[in-house]
Protein chains: 2
Amino acid sequence: MSIRHGLLALLDQGPRYGYQLRTEFEARTGATWPLNVGQVYTTLGRLERDGLVVPAGEDEEGHLFYAVTEEGRAELRRWFDSPVPRTNPPRDELAIKLAMAVTVPGVDVPAVVQGQRGHSMKALQDYTRLKGQALAADTGRHSDLAWLLVLEQLIFQTEAEIRWLDHCETRLVQRMEEERERAQAVEAAPAPTGRRRSRI
Amino acid sequence: MSIRHGLLALLDQGPRYGYQLRTEFEARTGATWPLNVGQVYTTLGRLERDGLVVPAGEDEEGHLFYAVTEEGRAELRRWFDSPVPRTNPPRDELAIKLAMAVTVPGVDVPAVVQGQRGHSMKALQDYTRLKGQALAADTGRHSDLAWLLVLEQLIFQTEAEIRWLDHCETRLVQRMEEERERAQAVEAAPAPTGRRRSRI
DNA sequence: CGACACATGTAACACGTTACATGATTTG
DNA sequence: CAAATCATGTAACGTGTTACATGTGTCG
């Protein structure tokens, strides 16, 4: 639902043709989200199917323009007016992976965490470098600001991911200690488990 | 690609049947990612099609078990061994939305930011409350740890989102000031733009 | 009995993504 | 001339998601 609305927003500035939309979209998301041209046309087709855009004639150079309809404008306003829903938040592959890693036996969880951490650190460096370039090239255009914000979101997200991974490690050693304690307790006086004194 | 591997990981612990997989998956992701049972069966079908799992007979009670194949185990090991790729990071709807909001005229960007911020704060509270419950109910099971980690990832992500939204606001006022400066400069001595003295 | 959890599945659809086909125009 | 860019499109596929059909067992 993101590209749909993205193109719709671009069309709200006035009629555009497919190739142009791709260019303008990428100007705002830079190298991080290259947009296959073909997808622009398929998405335009779906938008037209849903009555959000209509073909708007062609250029003297043969460019096929699309324009947003009244219904499209309403949909766009709805999009901007309501926050992106956090009901059923997107299933994050990393979270699922860690959840499975700590669950199934025989997985070297610390290795998984460290592997991901290194990868994220690398990504963070790349993003930071890109941000430097973006700041240097910034000429005050709105699209420059957009690109900068997108980059910074990636940076914030990646930082959070790294912090979370570190947190996972501490949780893991915490667990290992608890299990050691439990094992000793059992060794001393066999009894039904139950972490800490959560029961009795 | 996340649910596929998730189910594969569960099957790595031994043969399971569909309904059981759903239960075990949800035990690790809790209320945040309810998994439609139907999807388990469709995913199992696709896994079988790709040779990663095979039907493994049925129970005396009629449960249809699936088992992971050698190829499936290899795929699973690959999954755990390699970090989740950050090439072409997932297109984040919120980022696209903000990028478009600052770009197209006539959008009340601060309102969009604030609207989202409120929503995220609410979500953060929910997650925090859930975390309290998870901690209280924790009995040391691995699935409890998984559920806790998933929750904490959501918390970290949401916190990062809020921080980023706040950052966006400062960037916005920054821009408005710059534009004001530019406007005054033009008023005083009309000249080609170019932010700061980025050119000349 | 009626409601609900258990259990298996199918059909249809959404969006995103890639690969391919085709042609005009520009540029080294 | 050859390669690259501009420009429009189609076909096919992948996963995720929902809605529906169907049946068994259990419990109040």
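We name chains A, B, ... by the order of the sequence lines, and we start the count at 1 in each one.
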> Looking across every strand, which nucleic acid part, if any, lies under 4.0 Å from B/R22 by heavy atom: base, sugar-phosphate, or nothing?
Replying inline: nothing
>> Holding to side chain to side chain donor-acceptor pair (under 3.5 Å), I want the full list of residues that pass it with A/Q39, two or more places apart in sequence or in another chain.
In response: none
> Between B/T43 and A/E61, which is nearer to the 5' end of DNA chain D once each is assigned its nearest nucleotide?
Replying inline: A/E61
> In residues 3-19 of chain B, which ones come under 4.0 Å of DNA chain C, going by heavy atoms?
Replying inline: B/Y17, B/G18, B/Y19
>> With a 4.0 Å limit, can you tell me whether B/R49 has a side-chain N or O closer than that to the phosphate oxygens OP1/OP2 of D/dT15?
In response: yes
> Looking at CG of A/L7 and CG of A/L44, how far apart are the two atoms once the value is rounded to the nearest 0.5 Å?
Replying inline: 6.0 Å
>> Just to verify, what does B/Y41 make a side chain to side chain contact (heavy atoms under 4.5 Å, CB included) with, not counting sequence neighbours?
In response: B/Y19, B/V37
> Remaining members of B/L64's ILVMFWY cluster at a side-chain heavy-atom cut-off under 4.5 Å?
Replying inline: none
>> I need the full list of side chain to side chain donor-acceptor pair (under 3.5 Å) pairs touching residues 90-105 of chain B, with sequence neighbours left out, sorted by first then second residue.
In response: A/R28-B/T103, A/W79-B/E93, A/Q153-B/D92, A/Q157-B/D92
> Does a nitrogen or oxygen in the side chain of A/R91 sit under 4.0 Å from OP1 or OP2 of D/dT15?
Replying inline: no
> For A/D126, what residues pass the side chain to side chain contact (heavy atoms under 4.5 Å, CB included) criterion, not counting sequence neighbours?
Replying inline: A/K122, A/R129
> A/P34: what forms a side chain to side chain contact (heavy atoms under 4.5 Å, CB included) with it, not counting sequence neighbours?
Replying inline: A/E26, B/N88
>> So, using salt bridge (Lys or Arg N to Asp or Glu O under 4.0 Å) as the criterion, who are the partners of A/E70 when residues are at least two apart?
In response: A/R73
> For DNA chain D, what residues of residues 26-38 of chain B have any heavy atom nearer than 4.0 Å?
Replying inline: B/N36
> Is the shortest distance from a Lys or Arg side-chain nitrogen in A/E177 or A/R180 to a carboxylate oxygen in the other one below 4.0 Å?
Replying inline: no
>> Tell me every residue that passes side chain to side chain contact (heavy atoms under 4.5 Å, CB included) with B/K131, counting only those two or more places apart in sequence or in another chain.
In response: B/L135, B/L148, B/L151, B/E152, B/I155
>> Show every side chain to side chain donor-acceptor pair (under 3.5 Å) that has at least one partner inside residues 45-56 of chain B, sequence neighbours left out.
In response: B/R4-B/D50
>> Taking the nucleotide of DNA chain D with the nearest heavy atom to each, does B/D50 or A/L64 sit closer to the 5' end?
In response: A/L64
> A/S2 or B/Q39: which one's nearest nucleotide on DNA chain C is closer to the 5' end?
Replying inline: B/Q39
> First contact, last contact: which nucleotides of DNA chain C are these for chain A, 5' to 3', heavy-atom distance under 4.0 Å?
Replying inline: C/dA14 to C/dT18
> Among the nucleotides D/dA11, D/dA7, D/dG14, which one has an atom lying closest to any side-chain atom of A/Y41?
Replying inline: D/dA7
